[in-house]
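If you read the sequence from its start, that first residue is 1, and numbering goes on from there.
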Amino acid sequence: MSKNEAAVGLAEDNSSQPQDGVEVSDDMSPYSAHTGKEPFHAPYKFDAAHMVEEEVVDLEQQQKPRQCPLLYKIVGLVPHGGFISNVYNLASATLGAGIVSVASGFHDSGIIISVFLLVIVCILTIYSIRLLGITMEKTRLRSYEEMAKGLFGTGWDYFTAFLMWIFCWGTCVSYAMSVGDLLTPILQDDTYYTPPFLKTTTGHRLLIALVWFVGMFSLSLPKEINSLRYASVVGVSFIIFFVICMIIHSSMNGLQEPIDSTHGKLILANTGITAVNGLTLFVYAFIVQVNVPEIYMEMAPYRKNPRNFTIDATVSMCGVAILNLLSGIFGYLDFREEVTGSILLLYKPKQDVLFLISYIGICVKLCVGFAICTPTSRDAIYYCLRWGKTCDVNRWVNYAVSGTLALLALICAFFIPNITIVFNLLGGVCGCFLAFMFPAFFFIYSGGFTYKKVGFWNFLGCFLLLVAGAVSLVFGTAAAIYAQIYG
């Protein structure tokens with residue numbers, strides 16, 4: 001069978017494949033007559049058949065024998081666009097700077113309320129990822145910006161591009177700030193000798209810039225997220241190791257103290273505007289939807305459908321929820337009232353070799369997370385300039401834009417005083433649209449959204465996503481502003 005025949009056959013299989021629990025018909029197309037809209041044309045030439053043919057060629061190239069059998073077996077452990085690759089890429093895009101501040105969310109909201117919010121946010125995240133996969137299959141649109149223009153109309157795509165850019169670039173800022181939080185307890189601890197220059201602000205920033213250049217800047221240059229799948233596996237593994245160290249440290253210290261200890265009383269359920277701070281932190285800790293289009297488009301052709309993608313997202317997000325839950329509970333039980341920001345500032349890695357290893361590992365994970373957020377932020381810029389996506393621009397343009405975004409993130413990280421400011425604002429403002437409202441509205445406006453066609457659970461799920469987005473926007477943003485004004 002020739003390559004062209006294989007491409008045509010694959011395209012026919014994809015077009016005729018039923019969606020996950022949703023009946024696909026002509027009137028469900030976003031370009032059908034019942035929408036009353038003109039057909040959407042992407043700002044660049046996009047040939048679906050050509051893309052399918054390229055996927056077939058890539059698949060054939062992947063199946064060719066390698067010259068080094070051992071290297072081929074190692075590479076095959078995490079295949080391009082496979083189950084393991086998707087699980088780790090989704091987890092890597094989610095875990096990182098957020099998990100180090102989850103304990104402060106438990107301090108603000110209380111243990112019981114925080115557990116409840118984590119579970120709810122996790123379920124809504126999985127469901128929103130499923131809706132994005134279904135919408136992309138129905139419309140053949142491959143980014144948030146394209147779906148916003150094709151389904152909402154002209155102008156919404158630029159608003160979406162702005163939100164995508166501010167969130168992903170703001171996340172890069174938080175990753176650079178977290179590197180500073182990693183270095184602070186190491187440099188300020190006098191257990192072992194530290195050069196006085198490194199304790200100064202200039203020396204501290206110099207080390208941050210060094211880590212940024214070696215790890216963050218260099219990893220942010222590749223075009224495809226899947227090229228970072230091995231780094232994602234290593235980074236997520238180090239996060240797991242860090243959570244294990246937190247459990248051990250809490251068992252040896254905080255858990256042995258009474259409820260009313262010198263570190264403060266344990267709060268099971270908090271009230272007032274302070275309790276809402278935990279919501280914005282948890283929403284931020286689970287926002288992965290912005291990376292979903294890239295990861296979905298890079299899935300292997302033989303398993304690229306919403307059902308498989310939902311399975312991948314469920315496994316990944318459940319793992320993320322467990323790690324966030326353990327980090328929040330044991331971090332809060334360990335330090336209690338002292339947890340008001342990043343928990344990285346409270347440990348002493350110079351005196352504990354396990355934490356020293358985990359801090360190095362978290363540094364690796366932060367570099368990987370920085371790199372994963374960069375493609376989405378630069379795609380937003382490319383869209384506004386009508387250049388297409390990262391895969392459509394020249395390599396040198398990609399290097400220039402990536403380097404500029406990374407440099408600006410580093411500069412902002414030097415001057416923002418507290419990392420929770422970034423988390424609360426991004427979780428409240430961007431999280432409501434990108435994580436909850438847009439996935440629901442994309443699915444609704446993609447066509448055929450009736451109770452009879454989508455069923456009770458999809459109808460209820462979209463309603464809950466819209467409610468969660470409204471709550472996150474109104475109360476989350478208000479709580480973030482209140483916390484900065486009144487401390």
Side-chain angles (χ1 to χ4, degrees), residues 95-104 172-219 231 234-235 237-254 262-263 327 330-332 334-371 406-407 409-423:
L95 294 170
I99 197 172
V100 302
S101 295
V102 171
S104 65
C172 291
V173 174
S174 70
Y175 284 138
M177 293 178 66
S178 295
V179 173
D181 292 339
L182 281 171
L183 295 173
T184 297
I186 297 176
L187 298 177
Q188 300 301 325
D189 191 349
D190 295 327
T191 304
Y192 299 97
Y193 174 76
T194 301
F197 172 72
L198 297 180
K199 294 184 178 181
T200 63
T201 302
T202 303
H204 189 250
R205 291 177 177 175
L206 182 62
L207 289 178
I208 297 175
L210 180 62
V211 174
W212 167 87
F213 180 77
V214 174
M216 296 181 172
F217 174 77
S218 59
L219 289 178
V234 174
S237 300
F238 274 119
I239 290 291
I240 296 174
F241 180 73
F242 172 69
V243 173
I244 294 174
C245 292
M246 291 180 64
I247 296 174
I248 295 174
H249 189 276
S250 180
S251 301
M252 298 174 61
N253 296 274
T262 56
H263 288 89
S327 171
F330 287 97
Y332 176 54
D334 202 353
F335 296 102
R336 305 190 185 188
E337 293 294 334
E338 298 179 30
V339 185
T340 57
S342 175
I343 200 170
L344 296 175
L345 297 170
L346 303 178
Y347 294 108
K348 298 180 179 180
K350 272 190 175 182
Q351 303 178 20
D352 192 329
V353 66
L354 290 179
F355 271 102
L356 182 61
I357 296 173
S358 66
Y359 269 45
I360 296 174
I362 290 178
C363 186
V364 174
K365 173 61 192 70
L366 293 174
C367 293
V368 177
F370 188 99
L407 180 61
L410 176 67
I411 294 174
C412 289
F414 286 157
F415 299 102
I416 296 178
N418 193 334
I419 196 172
T420 56
I421 300 175
V422 180
F423 292 160

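- Rounding to the nearest 0.5 angstrom, the gap separating the CD atom in Q188 from the CG atom in L345 is 10.5 Å.
- We find the OG-CG distance between S178 and L344 to be 6.5 Å, quoted to the nearest 0.5 Å.
- Remark: L407 CG to C412 SG distance equals 9.5 Å, nearest 0.5 Å.
- Scanning for salt bridge (Lys or Arg N to Asp or Glu O under 4.0 Å) contacts around K348 gives an empty result, with sequence neighbours left out.
- Of the inter-residue distances, the one linking F370 atom CZ with S174 atom OG reads 9.5 Å to the nearest 0.5 angstrom.
- Residues passing the side-chain hydrogen bond (donor to acceptor under 3.5 Å, both in side chains) test with T194, sequence neighbours excluded: K350.
- Between F335 and Y347, a ring centre-to-centre spacing shorter than 6.0 Å is recorded.
- Contact of the L182 side chain with the L366 side chain is registered, since non-hydrogen atoms from C-beta on lie closer than 4.5 Å.
- Take P195 and apply the side chain to side chain contact (heavy atoms under 4.5 Å, CB included) test, not counting sequence neighbours, and it matches Y193, L198.
- Considering all non-hydrogen atoms of both residues, Y359 and I186 come closest at CD2-CD1, 4.3 Å.
- In this structure, I99 CD1 and S327 OG are separated by 4.5 Å, a value rounded to the nearest 0.5 Å.
- Side chain of S218 to backbone of V214: a donor-acceptor contact under 3.5 angstrom is found.
- Across every non-hydrogen atom of M246 and G331, the tightest pair is CE-CA, 3.7 Å.
- Atom NZ of residue K199 and atom CG of residue L183 lie 14.0 Å apart, to the nearest 0.5 angstrom.
- Looking only at atom types and distance, the side chain of D334 has a donor-acceptor partner in the side chain of H249 under 3.5 Å away.
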Test side chain to side chain contact (heavy atoms under 4.5 Å, CB included) applied to I357 and I360, step by step: CA-CA 5 Å; I357 296 173; I360 296 174; 5.7 Å; no
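- Put simply, the side chain of S342 never gets that close to the backbone of D181: no donor and acceptor are under 3.5 Å apart.
- Applying the salt bridge (charged side-chain N to carboxylate O under 4.0 Å, His left out) definition to pairs two or more places apart or across chains, none involves residues 241-252.
- I247 pairs by the side chain to side chain contact (heavy atoms under 4.5 Å, CB included) definition with V243, S251, L326, F330, not counting sequence neighbours.
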Name each donor-acceptor pair under 3.5 Å that joins a side chain in residues 202-212 to protein atoms two or more places apart or in another chain, with its distance.
unit_1, atom_1, unit_2, atom_2, d
H204, NE2, G180, O, 3.2
H204, NE2, T184, OG1, 3.3
R205, NH2, F414, O, 3.1
W212, NE1, A406, O, 3.1

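- Applying the side chain to side chain contact (heavy atoms under 4.5 Å, CB included) rule to C245 yields the partners F241, L354, F355, S358; only residues at least two apart in sequence or on another chain are considered.
- Shown here are the side-chain hydrogen bond (donor to acceptor under 3.5 Å, both in side chains) partners of Q351, two or more places apart in sequence or in another chain: D189, T191.
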